[in-house]
2 protein chains.
Amino acid sequence: MRKEQSSNFINEQFLFQVCELNSAVSVISGRWKSQIVYSISQGNNRFHLLLQELTNISETVLARQLKELETHAILVKQEIPDSVPVGVEYILTNKGKDLVPILESLCDWGKTYAEGKEISI
Amino acid sequence: MRKEQSSNFINEQFLFQVCELNSAVSVISGRWKSQIVYSISQGNNRFHLLLQELTNISETVLARQLKELETHAILVKQEIPDSVPVGVEYILTNKGKDLVPILESLCDWGKTYAEGKEISI
DNA sequence: GCAATAACTAACAAAATTGTTAGTAGGTAA
DNA sequence: TTACCTACTAACAATTTTGTTAGTTATTGC
C-alpha cells in the first residue's frame, strides 16, 4: 500500500500534474508490463500462455501485473463462455491497442542505439 | 548496488534479451527521468534550472538521475568554458534527441486517455 | 477418490528505488 | 572573513516494487 504522505508519493503526484508524460511512463514501468502488453497484442491472451511466454514469471507476479494493467484500463478480462475449466481472455482496450505502436517505436529506438554503439551528440 | 544473483536481476536480464523494448522502457523508468529529458530538450540544460523546474527534487536525487541518464548515453555533460563559478551544461545525445518524439507521443497518448474517460474495447 | 488444469489470492520476505542528511570544491560579493 | 553560489558525493533511512510460499475454487480425466 502506498503511503499518501510520503515524499515519494507526493513527488509522483506532482509529476503527474506537470505533464501526462509522467503518468503515461508510470503505466508502462514495471518489470513485466510492456512485454505483457506486447505479448497480448501478438495473441498470447490467456493466463497460461503468458506464463509460458514469460518463462521466469510466477503466477502470483503475473496476476499482479495483469491486475495493475487492468486498473490502468490497458486491458480487460473476459470469461470465455462455456469454457471448461473456466477460461479467461485478456483483451486490450483501445487505450492498450494505441499503446502498442508506441512500444514498437521504443523497441526500434532501443535497437538503433543498442549497447556498445558510440555516443554521438 | 544490484545483486547479480537475485531473481529480480535475472528476470530483468531475461527480459532485456527477449526484446529491446524492455531495456528501452527501463531507461525511461525512474521517478524524474522522462521529465528531465523533456526539460532539457526545452532548454533547461543547467543543473540549477532543472532544480527550479522540478520544484520538489533534491540536489542529490537530481544528480543521481542525471548520472543514470548519462550512463545510458541519453545525455552528456559539458563544462561551459570560462564560466565562473564553473558551469555545466547537459546536452542530449542523438539517442536522447530521438527519444523526445517518442516521449511526446506517450504524452499525447496519456492526454487522449486521461483518467475518468470511459473504457472502450 | 485422486491428481491435474486454469486462474487466481494473502501474507510475507527480499531487493531495488527514492529521499534525507551532511558534507565537498573552487570561486564571488559584502 | 563570512556567507553564498554551482555542482556535486557518500552514507544512510524510508518507501516501494518484486519475488516466494502456501493456499483457494471449480471442473475433468483416470
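By the side chain to side chain contact (heavy atoms under 4.5 Å, CB included) test, B:Leu51 pairs with B:Phe47, B:Ile57, B:Glu59, B:Leu62, sequence neighbours left out. In this view, B:Thr93 satisfies the side-chain hydrogen bond (donor to acceptor under 3.5 Å, both in side chains) rule with no residue, not counting sequence neighbours. Remark: A:Thr60 pairs with A:Ser58 by the side chain to side chain contact (heavy atoms under 4.5 Å, CB included) rule, at least two apart or across chains. For A:Lys33, the salt bridge (charged side-chain N to carboxylate O under 4.0 Å, His left out) partners two or more places apart in sequence, or in a different chain, are A:Glu68. The side-chain hydrogen bond (donor to acceptor under 3.5 Å, both in side chains) test applied to A:Ser39 returns A:Glu53, not counting sequence neighbours. In this view, A:Glu89 and A:Asn45, A:Arg46, A:Ile80, A:Ile91 satisfy the side chain to side chain contact (heavy atoms under 4.5 Å, CB included) rule, not counting sequence neighbours. Not counting sequence neighbours, the partners of A:Ser23 by the side-chain hydrogen bond (donor to acceptor under 3.5 Å, both in side chains) test are A:Glu20. By the side chain to side chain contact (heavy atoms under 4.5 Å, CB included) test, A:Ser41 pairs with A:Tyr38, A:Leu92, A:Val100, sequence neighbours left out.
The backbone N or O of A:His72 lies less than 3.5 Å from a partner atom in the side chain of A:Lys95, making a donor-acceptor pair. A side-chain donor-acceptor contact under 3.5 Å links A:Asn22 to the backbone of A:Leu15.
For the pair A:Gln78 CD and C:dC8 C1', the interatomic distance rounds to 18 Å; values are reported in whole Å. Rounded to a whole Å, the CD atom of B:Glu89 is 10 Å from the P atom of D:dA7. One atom, CG of A:Leu66, and another, P of D:dT18, lie 14 Å apart when rounded to the nearest Å. Rounding to whole angstrom units, CG of residue B:Leu75 and C1' of D:dA7 are separated by 15 Å. Atom NE2 in B:His48 sits about 17 Å away from atom P in C:dT28, given to the nearest Å. If you take OH of B:Tyr90 and P of D:dT6, they are 13 Å apart, rounded to a whole angstrom. A:Asn22 places its CG atom 12 Å from the P atom of C:dT18, with the value rounded to the nearest Å. Rounded to an integer number of Å, the gap from CG of A:Leu69 to P of D:dT18 is 11 Å.
Taking only side-chain nitrogens and oxygens, A:Lys67 comes nearer than 4.0 Å to OP1 or OP2 of C:dT9. OP1 or OP2 of D:dC8 has at least one side-chain nitrogen or oxygen of B:Lys77 nearer than 4.0 Å. Close to C:dA7, at under 4.0 Å from its OP1 or OP2, lies a side-chain N or O of A:Arg46. Contact check, B:Gln65 against C:dT17: no side-chain N or O comes under 4.0 Å of OP1 or OP2.
Interface residues of residues 54-63 of chain B facing DNA chain C, ordered by number: B:Ser58, B:Thr60, B:Val61; criterion, heavy-atom separation under 4.0 Å. Within a heavy-atom distance below 4.0 Å of DNA chain C, the residues of residues 23-45 of chain B found are B:Gly30, B:Arg31, B:Trp32. Taking every heavy atom of residues 2-13 of chain A and every atom of DNA chain D, pairs under 4.0 Å involve A:Arg2, A:Lys3, A:Ser6, A:Asn8, by number.
Counting only residues at least two apart or in different chains, side-chain hydrogen bond (donor to acceptor under 3.5 Å, both in side chains) contacts with residues 4-16 of chain B comprise A:Arg31-B:Asn8, B:Arg2-B:Asn8, B:Arg2-B:Glu12.
Set against D:dT18, D:dA11, D:dA7, the side chain of B:Arg64 has D:dA11 as its closest nucleotide.
Mapped onto DNA chain C by nearest heavy atom, A:Phe47 and B:Met1 fall at different nucleotides, with A:Phe47 at the one closer to the 5' end.
By the 4.5 Å heavy-atom criterion applied to side chains, A:Ile28 and A:Val37 are not counted as neighbours.
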